[in-house]
Amino acid sequence: MTVQLARTPQEAVGDVADGSTVMIGGFGPAGQPVELIDALLEQGAGDLVVVSNNAGNGEDALARLIQLGRVRRIVCSFPRQVDSWHFDEAYRTGRIELELVPQGNLAERIRAAGAGLGGFFTPTGYGTPLAEGKETRVVDGVPMVFESPLRADLALVKAFRADGAGNLVYRKTARNFGPVMATAARRTVAQVTEVLPAGSIDPESVVTPGIYVDAVVPIDSTTVLAGAQPSERGATS
Amino acid sequence: MTVQLARTPQEAVGDVADGSTVMIGGFGPAGQPVELIDALLEQGAGDLVVVSNNAGNGEDALARLIQLGRVRRIVCSFPRQVDSWHFDEAYRTGRIELELVPQGNLAERIRAAGAGLGGFFTPTGYGTPLAEGKETRVVDGVPMVFESPLRADLALVKAFRADGAGNLVYRKTARNFGPVMATAARRTVAQVTEVLPAGSIDPESVVTPGIYVDAVVPIDSTTVLAGAQPSERGATS
Amino acid sequence: MSAETIPAGARGTAPLSTAQMAARVAADIRPGSYVNLGIGLPTLVADHLPAGAGITLHTENGLLGMGPSPRADLVDPELINAGKVPVTELAGASYFHQADSFAMMRGGHIDVCVLGAFQVSASGDLANWSTGRPGAVPAVGGAMDLAVGAKRSVVMMKLLTKDGEPKLVRECTLPLTGVGCVSRIYSDLAVIDVGPALDGEARLVESYGVSRRELEEMLGLSLASVAA
Amino acid sequence: MSAETIPAGARGTAPLSTAQMAARVAADIRPGSYVNLGIGLPTLVADHLPAGAGITLHTENGLLGMGPSPRADLVDPELINAGKVPVTELAGASYFHQADSFAMMRGGHIDVCVLGAFQVSASGDLANWSTGRPGAVPAVGGAMDLAVGAKRSVVMMKLLTKDGEPKLVRECTLPLTGVGCVSRIYSDLAVIDVGPALDGEARLVESYGVSRRELEEMLGLSLASVAA
């Protein structure tokens, strides 16, 4: 479907039903779609299942969503961080369920959902507590664990630039989970620094084809890019 | 390992043992590494297993390899073409084994090998003759077939440009199988139009990171690119 | 002329030409759709997609945003479609490798896939890759992936073979491409809904130059009307 | 100083500092290698890789060709390593998404992965993600993928805990990260080979300031010599 060019993060995120599964891009702060998460906070949906590599930092965004009790369950690889006190508290008091998934299995499970696959065997996690109860199989002499696809109702990602066809390019290690999450959700929303006319992004360099993107919203992110040298902003032709 | 900058296709292909499994990129003529296949012809290895989407056209390259009886078995999705007479003849007279794989399963099996996965469930092919005897499973209501990883000793691919780190970018629909095959072989050789200094390819636009590439060789391919507009040759920054 | 606006059992006055068939398929494709057109007859649909409707074509050899064939002097052998015919790229296009391209297809991201067929069954089984003739060289390409991958897979074909045999059948006798994957057949004589949701009874949407009775006799099948 | 040139049972005169440990690990990394350095102690190895040896660093959050930390005024919050510390990109670098990054790791394309550890068993089992303490918030990140993915996974750690407990053990008592995945331990007191190929008996490669007998007593394990 044609990509929606939203004016605000609220408009981009739109209606989210209670109980939705929401994927949130980012590895620590890099690639975290802060403004979209804020819009989700404002929108009000609760009883959410969140799929995200981390479980929030400090007081804002995902941490706040957890603090407010809006997240029933989180699927992630690394919830514990120095400033993940809101998750830690919710977890210790049993107010949030945690499914801990090795980072590579998390990425691959999301990809499998986006690619229409029914699951895969992976060596990662075999023989560890995170594989307990899972189907195993020896493939070419290597013991493996079966992992299932992981899909979502909504994906919130942060990219660098979009074009009018919804194509996305990312920036440095902020790319991380964005491209796979964009493929695995019924609706994908991307915040970007700017939206260019269709044809402005080299077709050879598109990372997320527009078919995966339902809405884009430009966010002034000069603060986030403060450390970047100006010349780099023009690096993607 | 550091990428080998070869001067000739022969040097790039190097020694190939009889009985090797060789992946060959290309979808029809687009992306077919003709000069590397010619080097393999000259090198002399036989009893080969070839993994390639098609089974050769006309008299040259892969068709010739088959005509000479050097291919014991081929794994491909679409052997029959208007000019695949050498394959057709070898197949009809029982001189070559054929494993026919749906194109998407072929690509995904190659990717699985490169990604260290032990196989996956796919809906493609379920209930058809190509899934006969294969393990099946219903996932979320969808019947699926189990497919195994497909790896090789050698991958021959055609890319557009390489840099000194072995990074590759491709050109238009000649990209096709190159990027997945490069990940799935013990040794990957790429023919390109030119090899640039490391750092000449935008790190955001690299399609095949140099870690997957063992040797690159520049080939003057002005004839192949005859139809391309000159400006397009400078499109990748 | 969308199927939804034609009363059940509607009939044109004459069989459709292939161009009319292509136009009929195109009329059902919604603005903004992502579409894959199979090799052969379905390729013709591209000529009938309305300009400005934001319909984007996918070709499984690795391009989204495919444009029409180029002028002869602009043919690029590295820019081809799944039928290996030279094409062009439109503004907003993107290239990707085969695993990503079939992930896009298999993952249900393409809205409509239009396929050719040798046979389609009332329950939506498709046979379009093998004539089943002994000694023939088999080739499947992306047919099986395309059949099961799109949100909606439809078939565009002549309703009868050159020998007058029906291609809509109770059960396919040729080797299958996919099970229960086709939801609608666009043919020269009729548009007919099929698929696993219909309990094995195909439904006539509209016909051209033939009556429902004539179609039923021709096919040896009973055809339900589209529910009121 | 490569392990291969040191006779079995060689010993330095004093335990290694962490910088010396890092240099010792670096000395075993061959020119042209692709390397992933885990969070914590292993990060220090980067400072000891010889310039011009063509060693390329991978960070699993999506960068191959990682360079050292930038000057404070050039810090880019979108260019970080797996420990979320700002880094730089070198000429020839490439970025990729998480599925591609872990495919690179899991697929055996990284030559060496250097990991920290809480415990390693003589058979190469690794425990480095969970202290197993009840009530602790668990977190695994990429540890399990890294442990099993590289061509060769080695551990860099102090040989004893702060409380003097051995970290090389007969069997890990902490939750496992991977089974039989570690082939060598680089520690302050010794370099020791482990892994499933050694039939459960760790092999002393070299020691620093302690004798083999002292090590065996410290660890409660017998240590074989490297085969002549």
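Only this structure's heavy atoms are used, side chains among them; waters, hydrogens and symmetry mates stay out. Here is how names work: the chains are called A, B, and so on, in the same order as the sequence lines, proteins then strands, and each is numbered from 1.
Proximity to chain C (any heavy atom under 4.5 Å) is shown, for Val207(B), by neither the backbone nor the side chain. Looking at Ile110(B), there are no atoms closer than 4.5 Å to chain C (heavy atoms on both sides), in backbone or side chain. Both the backbone and the side chain of Phe27(B) come within contact range of chain C, with heavy atoms under 4.5 Å apart. Of the two parts of Asn54(B), only the side chain, counted from C-beta on, holds a non-hydrogen atom closer than 4.5 Å to a non-hydrogen atom of chain C. Interface remark: Val137(C) contributes backbone and side-chain atoms alike to the contact with chain B (heavy atom separation under 4.5 Å). Only the backbone of Ala136(C) comes within contact range of chain B, with heavy atoms under 4.5 Å apart. Interface residue Arg80(B): backbone and side-chain heavy atoms are both found under 4.5 Å from chain C. Residue Asp100(C): no heavy atom, backbone or side chain, is found under 4.5 Å from chain B. Only the backbone of Thr177(C) comes within contact range of chain B, with at least one heavy atom under 4.5 Å from a heavy atom of that chain.
Chosen from Val179(C), Ile80(C), Val87(C), the residue pairing most often with chain B at heavy-atom distances under 4.5 Å is Ile80(C). Across Asn61(C), Leu63(C), Val148(C), the residue that shares the most heavy-atom pairs under 4.5 angstrom with chain B is Asn61(C). Top candidate by heavy-atom pairs under 4.5 Å with chain C, chosen from Ala30(B), Cys76(B), Gly31(B), Ser84(B), is Ala30(B). Interface remark: of the candidates Asn53(B), Leu130(B), Val101(B), Leu98(B), Leu130(B) forms the most heavy-atom pairs closer than 4.5 Å to chain C.
Under the salt bridge (Lys or Arg N to Asp or Glu O under 4.0 Å) criterion, Arg151(B) pairs with Asp140(A), not counting sequence neighbours.
For the pair Ala107(B) and Ala99(C), the tightest heavy-atom approach, listed with the atom from each and the gap, is CB-N, 3.7 Å. Heavy-atom minimum distance, Met144(C) versus Pro102(B): SD-CG, 3.7 Å. In plain terms, the two heavy atoms of Pro138(C) and Leu100(B) that are nearest each other are CB-CD2, 3.8 Å.
Annotation: the span from Leu106(B) atom CG to Gln98(C) atom CD amounts to 8.5 Å, rounded to 0.5 Å. One distance of note links OG1 of Thr122(B) with CZ of Phe102(C); it measures 11.0 Å at 0.5 Å rounding. In this structure, CG on Leu146(C) lies 8.0 Å from CD on Gln103(B), to the nearest 0.5 angstrom.
Formation of a donor-acceptor pair under 3.5 Å by the Arg106(C) side chain with backbone atoms of Pro123(B) is not found in this model. Proximity of a side-chain donor or acceptor of Thr173(B) to a complementary backbone N or O of Gly62(C) within less than 3.5 Å is not detected.
Between Tyr126(B) and Cys181(C), the closest side-chain pair of non-hydrogen atoms is not below 4.5 Å. With contacts defined as side-chain heavy-atom distances shorter than 4.5 Å, the pair Pro29(B)/Pro77(C) does not qualify. The side-chain heavy atoms of Gln81(B) and Lys84(C), taken from C-beta on, include a pair separated by under 4.5 Å.
Residues in residues 136-145 of chain C take part in these side-chain hydrogen bond (donor to acceptor under 3.5 Å, both in side chains) pairs, two or more places apart or across chains: Thr124(B)-Asp145(C).
When Arg175(B), Lys172(B), Arg171(B) are each tested for a salt bridge (Lys or Arg N to Asp or Glu O under 4.0 Å) with Glu78(C), only one passes: Arg171(B).
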